[in-house]
Amino acid sequence: MRGAEAVEQGDCSSFKASGAGQLPHCCMKRPVIMDLLPGTPYNMQYTNCCKGGVLSSMNQDPSKYLSAFQMSIGNFLVNRPGSDSPFDKLNITMPTNFNLGIPGYTCGDAFLVPPTRFSDDKGRRRKQTLETWNITCTYSQFQASRAPKCCVSLSAFYNTTIVNCPRCSCGCQGLGGAKCIKSGDEPPPTVLQLPQEPQAAALPPLVTCSQHMCPIRVHWHVKQSYKEYWRVKITITNLNFLKNYSDWNLVVQHPNLKSVRQLFSFNYQPLTTYGNINDTGMFWGIKFYNDMLLTSGNQGNAQTEMLLHKDEGIFTFREGWTFPRRISFNGDECVMPPPDDYPTLPSGAYTIGANLNPSLLLVSFLFLAVAAPALF
C-alpha cells in the first residue's frame with residue numbers, strides 16, 4: 001500500500017510471504033485505512049496523498065481538497081470458472097459497507113462509472129483503468145451532533161439594542177452534557193491536557209458560560225450607511241476551551257452579496273448554486289494571519305468588514321432586510337434569532353423617510369423667508 005496504511009495488520013498466518021519475505025500489509029476483511037502524514041518518505045507516497053486526514057474545500061485550497069492512495073490485492077480471483085479470458089472484468093466484485101469514520105457522514109453503495117483515464121510518459125501517452133467505482137458520502141448535521149454548534153447575534157448602528165443568540169441555542173446551563181466555565185475564570189489544568197486520540201472526537205465542548213452555550217458565535221453588525229454603499233462587520237468568536245478551529249469557513253446567504261465591492265481580512269468566493277442566483281458566499285481566513293480560531297480567550301476571534309453596493313429597487317433598512325438569511329460555520333448551520341427580535345429602525349425614521357412632503361418643506365421655508373423682514 002502506498003499513500004495510506006491500514007490501522008491493523010490482522011492475522012496473516014494463513015498467507016504466504018512475498019518473494020521478499022514480507023507478509024501482506026493487511027489481512028482483514030474490513031480494514032480501516034488511514035491517511036499518511038505530510039512529509040512521509042517518498043517510497044511510501046502516492047500522487048495526491050499524505051494530507052494527514054485533513055481535506056480542505058476546493059475554494060480554500062485547491063491543492064488540499066483531494067487525497068488518494070494505492071493498494072495491491074493478492075489472492076483475487078479474476079477469472080470465472082471455465083473462462084478463457086486472461087482477465088474477466090465480470091468477476092470483479094464491488095466493495096461494500098464504506099464508512100469515512102467521521103460522525104455525520106453516511107456513504108452509499110459503490111456504482112460503476114466510465115473508466116478513469118490518466119497520463120503516462122510525461123503526458124505523451126494516456127492509460128485507462130479496468131474499472132472505476134464511485135461512492136458518494138453525504139453529511140448530516142443532525143447525525144453529527146445532537147445539538148447545534150454555533151449561533152448568530154445581530155446589531156445595527158441605527159438601534160442600540162444588541163440581539164443576542166437565542167437562549168439555549170446549543171444547550172442550557174445546568175442540563176446534562178452542558179459544561180461551561182464562567183467568564184474570567186481559568187479552566188482547571190486537567191481540562192487543558194490533550195486527551196488520548198480515540199477520545200478526542202468524543203469530548204463534548206467546554207465553553208464559556210452564556211445563555212446560548214454555543215462553542216462558536218457569529219456576530220453580524222450593520223456598521224454604517226453611505227449614499228450608495230453600506231458596511232457590515234462580521235465577527236467570529238471561539239468560545240470553546242478544548243478546540244482550535246483551523247482552516248475554518250463561513251457560508252452566508254444574503255440577497256445583497258451579489259454586490260460585494262470590498263472585503264477586509266477575509267477571503268471571499270461567491271457560491272452560485274442555483275443558476276444566476278448569487279445570494280450565497282463563502283468566507284475563510286487568510287493563511288498564517290487568521291485562518292485559525294484559537295481556543296476561548298483574547299485571540300479566539302476573527303473579524304472582517306464588508307462594503308456592499310445598495311442595489312436599487314431591493315435595498316432597504318426596514319424589516320431586517322440587512323441581516324443574513326442563513327449562516328453556516330464549517331458546514332453546520334447556525335441558530336438565528338427570530339425575525340421579530342431583529343433590530344428595527346427608530347419610529348421617527350419611518351416618518352422622515354416615508355411621510356415627509358418636500359413641497360410642504362419648500363413652502364414653509366419661503367413663508368419664513370418672506371415674513372421675516374416684517375418682524376423688525
Side-chain angles (χ1 to χ4, degrees), residues 1-10 12 18 20 22-78 87 89 91-140 144 197-198 200-201 246-249 267 269 271 282 284 287 291 330-331:
M1 178 173 288
R2 297 176 60 191
E5 62 184 358
V7 175
E8 296 185 20
Q9 184 182 29
C12 296
S18 64
Q22 296 180 348
L23 289 173
H25 179 78
C26 178
C27 302
M28 302 183 68
K29 292 184 177 180
R30 186 172 172 80
V32 177
I33 308 299
M34 181 173 60
D35 194 11
L36 295 180
L37 296 173
T40 297
Y42 287 108
N43 62 342
M44 298 176 60
Q45 292 188 20
Y46 186 71
T47 306
N48 294 319
C49 81
C50 312
K51 303 296 195 302
V54 179
L55 296 181
S56 176
S57 66
M58 296 179 67
N59 286 332
Q60 287 179 261
D61 193 341
S63 67
K64 293 184 179 180
Y65 78 93
L66 173 68
S67 185
F69 64 92
Q70 182 188 62
M71 61 181 176
S72 301
I73 303 176
N75 290 348
F76 189 77
L77 298 177
V78 296
F87 189 90
K89 293 199 301 182
N91 196 47
I92 299 179
T93 303
M94 293 185 184
T96 57
N97 297 328
F98 274 88
N99 189 348
L100 287 179
I102 304 174
Y105 281 92
T106 304
C107 299
D109 296 330
F111 57 93
L112 194 64
V113 296
T116 303
R117 302 178 64 193
F118 57 94
S119 61
D120 189 32
D121 192 17
K122 298 182 179 180
R124 303 196 314 176
R125 170 179 164 83
R126 297 186 66 84
K127 292 183 178 180
Q128 179 173 305
T129 60
L130 296 172
E131 283 191 1
T132 299
W133 308 319
N134 274 5
I135 301 98
T136 301
C137 301
T138 57
Y139 176 76
S140 170
E197 188 64 26
S246 59
D247 295 328
W248 56 268
N249 64 72
N267 292 304
Q269 177 69 35
L271 303 176
M282 178 177 174
W284 68 95
K287 198 71 173 176
D291 60 330
N330 281 358

Enquirer: Quick test of your reading: applying disulfide (SG to SG under 2.5 Å), list the pairs with at least one residue in residues 106-139, sequence neighbours left out, ordered by first then second residue.
Expert: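 Non-adjacent pairs meeting disulfide (SG to SG under 2.5 Å): Cys107-Cys137.
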Enquirer: Is there side-chain contact between Arg30 and Thr96, with at least one heavy-atom pair below 4.5 Å?
Expert: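 A side-chain contact is absent here, since even the closest heavy-atom pair is not under 4.5 Å.
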Enquirer: Where is the tightest heavy-atom contact between Gly108 and Ile135, given as atom of each residue plus distance?
Expert: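 That would be O-CG2, 3.4 Å.
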Enquirer: Test of understanding: with side chain to side chain contact (heavy atoms under 4.5 Å, CB included), list the residues that count as partners of Val7, not counting sequence neighbours.
Expert: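 Listed in chain order: Val32, Met34.
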Enquirer: How would you list, by chain and number, every residue that makes a salt bridge (charged side-chain N to carboxylate O under 4.0 Å, His left out) with Arg117, sequence neighbours excluded?
Expert: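 Arg117: no salt bridge (charged side-chain N to carboxylate O under 4.0 Å, His left out) contacts found.
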Enquirer: With a sphere of 6.0 Å drawn around CE of Met71, does it hold more than 12 non-hydrogen atoms of other residues, nucleotides or ligands?
Expert: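 Count not over threshold, so no.
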Enquirer: Do Asp291 and Gln60 have side-chain heavy atoms sitting under 4.5 Å apart?
Expert: no
Enquirer: Count the heavy atoms belonging to other residues, nucleotides or ligands that lie under 6.0 Å from CD of Glu8, then report whether that count exceeds 12.
Expert: no
Enquirer: Nearest 0.5 Å please: distance from the CD1 atom of Ile102 over to the CG atom of Leu55.
Expert: 8.0 Å
Enquirer: Using every non-hydrogen atom in the two residues, find where Leu23 and Gln9 come nearest and quote the distance to one decimal.
Expert: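 For Leu23 versus Gln9, the nearest heavy atoms are CB-NE2, 3.9 Å.
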Enquirer: Of all residues at least two apart in sequence or in a different chain, which pass the side chain to side chain donor-acceptor pair (under 3.5 Å) check with Lys127?
Expert: Asp120
Enquirer: Can you tell me if Met58 has over 12 outside heavy atoms packed within less than 6.0 Å of its CE?
Expert: no
Enquirer: Asn330: what forms a side chain to side chain contact (heavy atoms under 4.5 Å, CB included) with it, not counting sequence neighbours?
Expert: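 So Asn330 forms a side chain to side chain contact (heavy atoms under 4.5 Å, CB included) with Tyr245, Trp248, Asn249.
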Enquirer: The criterion is disulfide bond (SG atoms under 2.5 Å apart); which residues satisfy it with Cys26, sequence neighbours excluded?
Expert: none
Enquirer: Is there any ring pair (Phe, Tyr, Trp, His ring centres under 6.0 Å) pair reaching into residues 98-134, and which pairs are they, with sequence neighbours excluded?
Expert: Tyr105-Tyr139
Enquirer: Using the side chain to side chain donor-acceptor pair (under 3.5 Å) criterion, which residues pair with Ser140? Sequence neighbours excluded.
Expert: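 None.
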Enquirer: Applying side chain to side chain contact (heavy atoms under 4.5 Å, CB included), can you list everything that pairs with Ser246, at least two apart in sequence or on another chain?
Expert: Met292
Enquirer: I'd like to know if the side chain of Thr132 and the backbone of Thr116 have a donor-acceptor N/O pair within less than 3.5 Å.
Expert: yes
Enquirer: If you round to the nearest 0.5 Å, how far is CG of Asn59 from CD of Gln269?
Expert: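 Going from the CD atom of Gln269 to the CG atom of Asn59 covers 4.5 Å.
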Enquirer: Could you list the residues that satisfy side chain to side chain donor-acceptor pair (under 3.5 Å) with Arg124, not counting sequence neighbours?
Expert: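 By the side chain to side chain donor-acceptor pair (under 3.5 Å) rule, Arg124 matches Asp121.
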Enquirer: Using every non-hydrogen atom in the two residues, find where Phe69 and Gly3 come nearest and quote the distance to one decimal.
Expert: CB-C, 3.7 Å
Enquirer: Looking at Ala144 and Pro103, what are the two nearest heavy atoms and their distance?
Expert: CB-O, 3.7 Å
Enquirer: List the atom pairs, donor and acceptor, that lie under 3.5 Å between side-chain atoms in residues 41-53 and the rest of the protein, sequence neighbours left out.
Expert:
residue : atom : partner : partner atom : Å
Gln45   : NE2  : Thr40   : O            : 2.4
Lys51   : NZ   : Asn48   : O            : 3.2
Lys51   : NZ   : Leu66   : O            : 3.0

Enquirer: Could you walk me through whether Leu36 and Met1 pass the side-chain contact (heavy atoms from CB on, under 4.5 Å) test, one step at a time?
Expert: CA-CA 11 Å; Leu36 295 180; Met1 178 173 288; over 6 Å; no
Enquirer: Rounded at 0.5 Å granularity, tell me how far CG in Asn134 sits from CG in Asp109.
Expert: 13.0 Å
Enquirer: Can you list everything that forms a side chain to side chain contact (heavy atoms under 4.5 Å, CB included) with Asp61? Sequence neighbours excluded, please.
Expert: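 By the side chain to side chain contact (heavy atoms under 4.5 Å, CB included) rule, Asp61 matches Ser56, Ser63, Lys64.
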